[in-house]
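Notes follow once the structure below has been shown.
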Amino acid sequence: MASEAAASSISSFPRRLAMESNALLWFRKGLRIHDNPALDYARRESNNLFPVFVIDPRYLHPDSSAFSLGSTRAGINRIRFLLECLSDLDSSLRRLGSRLLVLRGDSDPASAICRIVKEWKIRKLCFEYDTEPYGQELDRKVKIMIVRLGFLKDFASKHGIEVFCPVSHTLFNPADVIGKNGGKPPLTYQSFIALAGKPEGPLEVTYSELPPVGNVGESELLTVPTIEELGYKEMIEEEFPPFRGGESEALRRLKEVLKDKEWIANFEKPKGDPSAFLKPATTVLSPYLKFGCLSSRYFYQRLHNVYQIVGKHTSPPVSLLGQLLWREFFYTVAFGTPNFDQMIGNKICKQVPWREDEALLVAWREGRTGYPWIDAIMIQFIHWEKGRDVFERLLLDSDWAINNGNWLWLSSSAFFNQYYRIYSPISFGKKYDPDGKYIRHFIPVLKDIPNEYVYEPWTAPLSVQRKANCIIGKDYPRPVVSHDTASKECKKKMGEVYAKDRSMKSCKKESSKSATLRKRKK
DNA sequence: TCTGCGTTGAGGTC
DNA sequence: GACCTCAACGCAGA
């Protein structure tokens with residue numbers, strides 16, 4: 001396990017570096033002090049520690065061509081959340097006698113890192129291993145540049161530059177689980193659980209101080225920028241979600257969650273109320289896990305402790321701990337599946353001739369499908385990659401492996417095969433919230449529609465619509481599709497896709513069989 | 001090859 | 001709330 005590798009590297013840390021040692025800690029995810037193996041290794045026997053975050057324009061700079069306020073890759077809420085994470089990290093580092101150095105990476109974060117490695121005479125470069133393609137590409141660039149840098153000859157020819165990148169974003173190293181499964185990622189949750197075993201515990205160290213930041217020379221350093229400084233001027237405070245970013249908030253929130261042991265012991269995800277919004281039916285720790293403000297190993301350990309205290313508790317996949325393992329499952333499959341975020345070239349994904357319908361997509365994205373319950377959850381027969389893109393941008397806890405995994409699941413493209421089980425935009429919501437409180441909160445124009453019509457307002461008589469000051473087709477849209485017709489059509493077409501998939505697979509099997517026979521005859 | 005099973009369907013009965 | 005039926009999928013393990 002790579003986290004084991006991290007631990008052993010720490011104990012065998014070479015003493016030769018004690019003489020002159022500058023360490024660079026490059027933060028990407030893992031925006032925390034607790035259970036941070038890269039930080040712990042970087043600070044050991046280092047005279048100077050340079051904690052760095054590079055501003056990546058794709059994630060932070062405003063992009064006016066995007067469909068919502070934000071950068072090319074992230075919506076404004078997640079950008080703000082990230083800045084809060086950085087501010088909190090900076091405060092924590094300052095309490096330990098350090099600070100966060102924020103760098104502009106106008107072209108590419110990897111180039112910025114390599115430039116300062118050279119400028120600041122860095123001997124140890126530490127950063128958390130990232131399993132996502134974007135992170136992997138950055139890692140690759142940095143490693144290649146470090147090797148190529150001519151300065152190695154005169155500066156560090158004797159010792160080289162040590163690069164340390166532990167796996168600490170997840171409970172397990174995806175590569176290890178895949179290795180245990182003969183080189184292929186396990187495709188069911190249960191087989192994943194059987195392979196994964198027990199995770200390692202978090203690092204137990206706490207710090208009273210960290211090595212000081214060394215001389216940063218001519219580098220243009222910023223403090224953590226405000227959202228206005230990044231160029232987002234149109235923000236209105238009321239538009240912000242109620243969740244604040246950062247490790248301190250993550251740990252505070254975790255502490256709150258852990259207080260209610262009964263709730264943890266009885267947690268069953270499918271029974272949670274998806275319409276609960278003032279007091280959510282989940283922990284809302286996912287955005288903190290996404291950015292690594294909360295260590296998944298620490299969370300796992302604390303949950304495990306609660307289970308030991310209370311005795312009887314729910315189990316995976318539905319339990320709270322089971323939710324953490326779903327994250328691991330998707331990280332593992334995503335890591336081991338080329339083109340995981342696409343249909344084409346993705347071996348585990350059903351090849352479906354999705355309809356291209358920009359108008360339907362936009363109606364869904366903008367919440368004007370005419371189906372009040374979600375006005376968001378379902379799009380009829382439109383490519384899952386389009387829905388994924390919308391979520392990737394807008395979700396606070398948007399997480400590459402999990403978002404793609406869930407869209408593959410819900411579109412019956414992979415993991416889940418019972419495509420004939422279709423959610424109803426009317427009855428599913430009613431189960432949890434028969435009076436439509438959720439709808440009335442988020443779609444105020446429907447607030448006076450009587451309960452019996454609130455999930456399907458187009459069925460309300462005109463007199464009722466008038467009385468409620470909501471005329472369907474004028475104040476609130478008519479349904480963009482007939483759910484009855486569209487779901488039947490979807491089911492029929494998915495059936496055809498599955499049949500085609502089966503016949504292709506059996507053809508392949510047959511041809512490989514006859515090939516083996518031919519070989520044997522020879 | 002067969003069988004059991006699969007975090008979150010809908011609609012029905014009791 | 002628990003259970004059944006509807007129609008019927010693929011994976012994993014025996």
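First the proteins, then the strands, lettered A, B, ... as listed; each starts at 1.
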Using whole Å, report how far [atom1] of [X] lies from [atom2] of [N].
{"X": "A/Leu195", "N": "C/dG13", "atom1": "CG", "atom2": "C1'", "value": "13 Å"}
{"X": "A/Phe329", "N": "B/dG6", "atom1": "CZ", "atom2": "P", "value": "14 Å"}
{"X": "A/Lys500", "N": "C/dC9", "atom1": "NZ", "atom2": "P", "value": "18 Å"}
{"X": "A/Asp501", "N": "C/dA8", "atom1": "CG", "atom2": "C1'", "value": "16 Å"}
{"X": "A/Leu187", "N": "B/dC5", "atom1": "CG", "atom2": "P", "value": "21 Å"}
{"X": "A/Lys430", "N": "B/dG11", "atom1": "NZ", "atom2": "P", "value": "9 Å"}
{"X": "A/Lys350", "N": "C/dC11", "atom1": "NZ", "atom2": "P", "value": "6 Å"}
{"X": "A/Phe192", "N": "C/dC11", "atom1": "CZ", "atom2": "P", "value": "19 Å"}

Compare side-chain N and O positions of [X] against OP1 and OP2 of [N] and report whether any pair is under 4.0 Å apart.
{"X": "A/Gln190", "N": "B/dT7", "result": "yes"}
{"X": "A/Lys271", "N": "B/dT7", "result": "no"}
{"X": "A/Arg502", "N": "C/dG10", "result": "yes"}
{"X": "A/Ser424", "N": "B/dG9", "result": "no"}
{"X": "A/Thr188", "N": "B/dC5", "result": "no"}

With sugar-phosphate meaning primed atoms plus P, OP1 and OP2, does A/Tyr498 contact a base, only sugar-phosphate, or nothing at under 4.0 Å between heavy atoms?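 Touches sugar-phosphate only.
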
Could you please name the option among [options] that lies closest to any side-chain atom of [X]?
{"X": "A/Val318", "options": "B/dA10, B/dT7, C/dC9", "value": "B/dT7"}
{"X": "A/Lys505", "options": "B/dT7, C/dC11, C/dC9", "value": "C/dC11"}
{"X": "A/Tyr423", "options": "B/dT7, B/dG6, B/dA10", "value": "B/dA10"}
{"X": "A/Trp409", "options": "B/dG6, B/dA10, B/dT8", "value": "B/dT8"}
{"X": "A/Ser427", "options": "B/dT8, B/dG11, B/dT7", "value": "B/dG11"}

Is it possible for you to check whether A/Arg365 lies under 6.0 Å from the centre of the six-membered ring of A/Phe67, through NZ or CZ, and within 45° of that ring's axis?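 Output yes; distance and angle both within limits.
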
Taking the six-membered ring of A/Tyr134, is NZ or CZ of A/Arg73 closer than 6.0 Å to its centre and within 45° of its axis?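 Yes.
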
Is there a side-chain contact between A/Leu325 and A/Leu171 in this structure, where contact means two heavy atoms from C-beta onward sitting under 4.5 Å apart?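 When only atoms from C-beta onward are counted, A/Leu171 and A/Leu325 do touch, with a gap below 4.5 Å.
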
Taking atom P in both C/dC4 and B/dG4, compute the distance separating them and give it to the nearest angstrom.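 It comes out at 16 Å once rounded to the nearest Å.
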
Spacing of the P atoms in B/dT7 and C/dA7 (rounded, Å):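 Each nucleotide's P atom is 24 Å from the other's.
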
Candidates A/Lys500, A/Lys493, A/Lys492 - the one meeting salt bridge (charged side-chain N to carboxylate O under 4.0 Å, His left out) with A/Glu496: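 Among the candidates, only A/Lys492 passes.
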
Residue closer to the 5' end of DNA chain C, A/Tyr420 versus A/Pro186 (nearest nucleotide):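 That would be A/Tyr420.
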
Can you tell me the base-pairing partner of C/dC3? Count Watson-Crick or G-U wobble geometry only, both distances below 3.5 Å, and say none if there is no partner.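 Result: B/dG12.
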
Under a 3.5 Å limit for both distances, which nucleotide forms a Watson-Crick or G-U wobble pair with B/dG6, could you say?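 Pairing partner, where one exists within any strand: C/dC9.
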
A/Lys431, NZ atom: more than 12 neighbouring heavy atoms under 6.0 Å: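 Enclosed: over 12 neighbouring heavy atoms sit under 6.0 Å from NZ of A/Lys431.
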
Sub-6.0 Å ring centroid separation between A/Tyr432 and A/Tyr438: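 Ring-ring flag for A/Tyr432/A/Tyr438: false, centres at least 6.0 Å apart.
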
